[in-house]
Structure formats: C-alpha cells, structure tokens
Amino acid sequence: MRILVLAINYWPEQTGIGPVLTRRCEYLASMGHAVTVCTSMPYYPEWRIPREYAGKLFSREERNGVEILRSWMWVPGRVTSAKRIAFEASFLSTSLINAMRNRKPDILVVVSPPLGLGLSAVLLSRWWKVPYLFDVMDLQPDAAVDLGMLPKPIRPFLYRLESMAYKHAALISTVSEGMRRKIVSKGFSPDRVVVVPPTADSNLFDIGTLVSGDEFRHRYGLRNQFVVSHCGNMGVKQGLDLVLHAASQLRERSDITFILVGDGAMKSRLEQQASSLQLSNLRFLPLLDESSFSEMLAATDVGLIVQQSSVSDIVFPSKTVTLLSAGRPVIASVNDKSEIGRTIHVSRGGVVIQPENAGLLAETVLNLAADRESRQAMGERGRQYAVKTWETSGVLSAFGTVLTETVALKRNNDVPTELPASA
C-alpha cells in the first residue's frame, strides 16, 4: 500500500507530535508499505530551523524506510496569532506543491494541527480520488479560542474549515477518548471517529533500572536534590508561570530543585521572570539528546504536567505517556475532568491537583518529597499502565489495520462502520 502523510512535525523533532508520528510511519514502512512524508523543515519547539536545513526550498531524505520530503516555511522569531497564521499558510502552500509532485497514493494520512492541512486533504483526495484519514492530535480551533489566542473574526472561518475536513474524511482518528467525544459532539458519527493512542518509546520502560540518573545529577550539580522536572514545550497552553511561583514559595527548601527542560515560544519570558524572582532553586535546561533525556528522567523524583484550567479535552500531551512509561510519579496540575486527569486517576501513577494554584503545587511537592514509598508505588503503577495501554506493537498494529480497512472499504464504495477493537 502506498501511503502519503502530510504533517508539519516529524523527526528529528524530539517533543510533541513529531516522535509519535515518526514511530507510526517507521512501523508502517517496516510492514512493507511505501510511506512518504511531506513535512516541514525541523523547527519545533525552538521555533528555529537548524543550520543544515536553512535556506532550502525543498529537500529529500530517507530514514528507516520512510521517504521524507521537506518544504520551506517562514518561521517567526516571536510567535503571535497573526504570525502563526502566516507561518502555517507558508507551509500549506509549499507542502501542497511537494505532495502533488508525488505518485498517486492509496491513502492520505493528514495530521492536524495545522488545521489548514484539511483543505490540502480535500484537494488531494479529490484530485487523486483516494480516501484520507484525518488524524487529529490537537483540537486547534478550540485550543486557540479557550486560550484567547484567536481573533473573533477568524473563528467562524476556522470552524467551517474544521467541519469541512471532518466531513470529507473517510475516517477521523484522534489520540484520546476525551478528544473523540469532543469531535463526535460537533455532529459527526461515532462510527467515523476512532481512537489511536500515542505510543510509548519502549526504551522508557527501563528508566531507573538499566538507565541511571547519577551522571545527570553530577553533571548539573543535583546530587542530594529532590528533582521536580517539567519536560517539553514551553508554550501558552502550559501556563508554566505556575511552576515559577511554586518554586518561589519553596525557595527556603535548599534540597528541592525544579528543572524546566526544553524550549518553546514562552521560554525567554519565563527565563526573564525567573531571573526577576531570583529563583536559585529553578534551572532551565535546553533540549536534550536521547541519552541525556533518559538520564534526566532517571534523575527525576517527580514529573510535572501543567496546563491552564481552560484546557480540557483539546490536547493530550505526549509527556503524559513519557512520564508514566518511565515510572516517574506525576503531579498533574490540570482540569480534573480532562483526559490527562482521567489517565492519572485510572493509572494511579500520580496525583491530580487544581490547576493554576501555585500554593497547592508547592504543598503537593512537599508531601511527595516526604513520602518515598508513595512515590515508588505511583511510579510502578504508572509504568504498568503505560505498558498495557501504549506498548508500541499493539497500538501500531491497530493503526495499520485501520488504514488497510479504510482503503478496502473505500474501494467498495462503503463507509467504515466497525473498527478494530484494539484501535
């Protein structure tokens, strides 16, 4: 089967959608499918294009059996709503040209965000007369509205674009049951919306056993410290000011250190704020390579998942999978009714606290710092849940089956009414 994937994020990006999609595509290629990915030059979460990709209009490379076709896009130095629209529009234009240079596929897999790829999906699907699966990793218009990032005049247009993308898709997939319910509530048949969970990097299951955090602690002067870490994107949705305020309340505890690992649109502002607060107990670390990232997880005593209270079932961040897979106890400062909150409750891999409450976050850190036994039990329960829920082979096998059956049903002019139970 020939599969053409349209997505703005892919390898070598280390956080967010990129690693999840890379594992999916490389699995499909290992199963004998011809997989081509039309994507951008790497930029996330630093919002900078690496030197080796800069200045190119198009490029081609291959990795683990997947053909990767990249196209230029304009990357703003400082992200605003207007600049993000221009950024996405530039990618939509060049990626559509890149896609049309390819042979006709059997199926399109189109990953949102950006939501505008839904228009590309409709155009390519009609041109080639092939079905497309619309893979929703983030309910972009809902997120932008909830966070006040979207000007009112643009909202109706984006929701019409979203509706069009869903309407013409042979199938809609998303990463969590909460996001599935949200899509169905917009008026789409439950039979056409399926959950394909994210996959865990199997190497994470050995964190703390085969991977030690001692070298990481030595390198960054964290010996004898209780390490509270947040890893990944530093954007608006996360509301990481909360972590700074909690660190400020715990500044007298010289044995507790907070670390923020990664990059993102809000990082420079957070660094300035931390400097003004004179937070000697909080460290910023850059994106880490795979080996150093594993060591960082092994050195972590408690992992943080932080989101603004307005963010509920519009996203399911990959750090949820990462922390539970690595057996790290979690403090989730999130909406209790969100899919993240449900996952932490069901897995019993951590505690869920009221979002945007720095005092409560500081108190919860103190409680876990004093209870090693509870932390170990949470970590082990989280790891067991992750193995059962996100182990790679089962999830990806179901995803491959979904694509194969969608193509077969479309060839028979049918619509999918049943999906694999494991999807």
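The structure displayed is predicted, hence computed values, not measured ones.
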(Q) Enumerate the ring pair (Phe, Tyr, Trp, His ring centres under 6.0 Å) contacts for residues 179-210, please, sequence neighbours excluded, ordered by first and then second residue. (A) Y166-F188
(Q) When you measure from the side chain of Y132 to the backbone of A169, do you find a donor-acceptor pair of N or O atoms at a distance under 3.5 Å? (A) yes
Q) Between D135 and T174, which heavy-atom pair has the shortest distance, and what is it? A) OD1-N, 4.4 Å
(Q) Once you measure the plane-to-plane angle for W390 and Y385, does it fall in the parallel (<30°), tilted (30-60°) or perpendicular (>60°) bin? (A) perpendicular
Q) Ignoring hydrogens and geometry, is there a side-chain-to-backbone donor-acceptor pair from R381 to R348 under 3.5 Å? A) yes
Q: State whether the side chain of T389 and the backbone N or O of A386 hold a donor-acceptor pair below 3.5 Å, judged by distance alone.
A: no
Q. Is the backbone of I259 close enough, under 3.5 Å, to the side chain of S229 for a donor and an acceptor to pair up by distance?
A. no
Q) Ignoring hydrogens and geometry, is there a side-chain-to-backbone donor-acceptor pair from R180 to P190 under 3.5 Å? A) yes
(Q) Apply side chain to side chain donor-acceptor pair (under 3.5 Å) to residues R328 and T300 and explain how you reach the verdict. (A) CA-CA 7 Å; R328 302 302 92 184; T300 292; over 6 Å; no
Q. Of all heavy-atom pairs between R84 and W47, which one has the smallest distance, and what is that distance?
A. NH1-CZ2, 3.7 Å
Q. Would you find a donor on one side and an acceptor on the other, under 3.5 Å apart, between the side chain of S90 and the backbone of F87?
A. yes
Q: In sequence, state the C-alpha distance, the side-chain angles, and the governing distance for M164 and K167, and then conclude on side-chain contact (heavy atoms from CB on, under 4.5 Å).
A: CA-CA 5 Å; M164 179 197 67; K167 177 182 177 181; 5.7 Å; no
Q) Under the 3.5 angstrom rule, does the side chain of K186 hit a backbone N or O of S163 as a donor-acceptor pair? A) no
Q. Distance only, no hydrogens: is a donor on one side chain within 3.5 Å (strictly under) of an acceptor on the other, for H345 and D336?
A. yes
Q. Would you find a donor on one side and an acceptor on the other, under 3.5 Å apart, between the side chain of S173 and the backbone of V196?
A. no
Q | R70/K56 under side-chain contact (heavy atoms from CB on, under 4.5 Å): CA gap, chis, key distance, verdict | A | CA-CA 9 Å; R70 301 187 186 274; K56 297 180 180 179; over 6 Å; no
(Q) Centre-to-centre under 6.0 Å for Y27 and F399, is that the case here? (A) no
**Q.** Stacked cation flag R375 on F226, 6.0 angstrom / 45 deg
**A.** no
Q. Counting distance only, does the side-chain N/O of E13 pair as donor-acceptor with the main-chain N or O of Y44 below 3.5 Å?
A. yes
Q: Kindly say whether T322 contributes a backbone atom to a donor-acceptor pair with the side chain of S325 at under 3.5 angstrom?
A: no
**Q.** Distance-minimising heavy-atom pair for R24 and P197
**A.** NH2-O, 3.6 Å
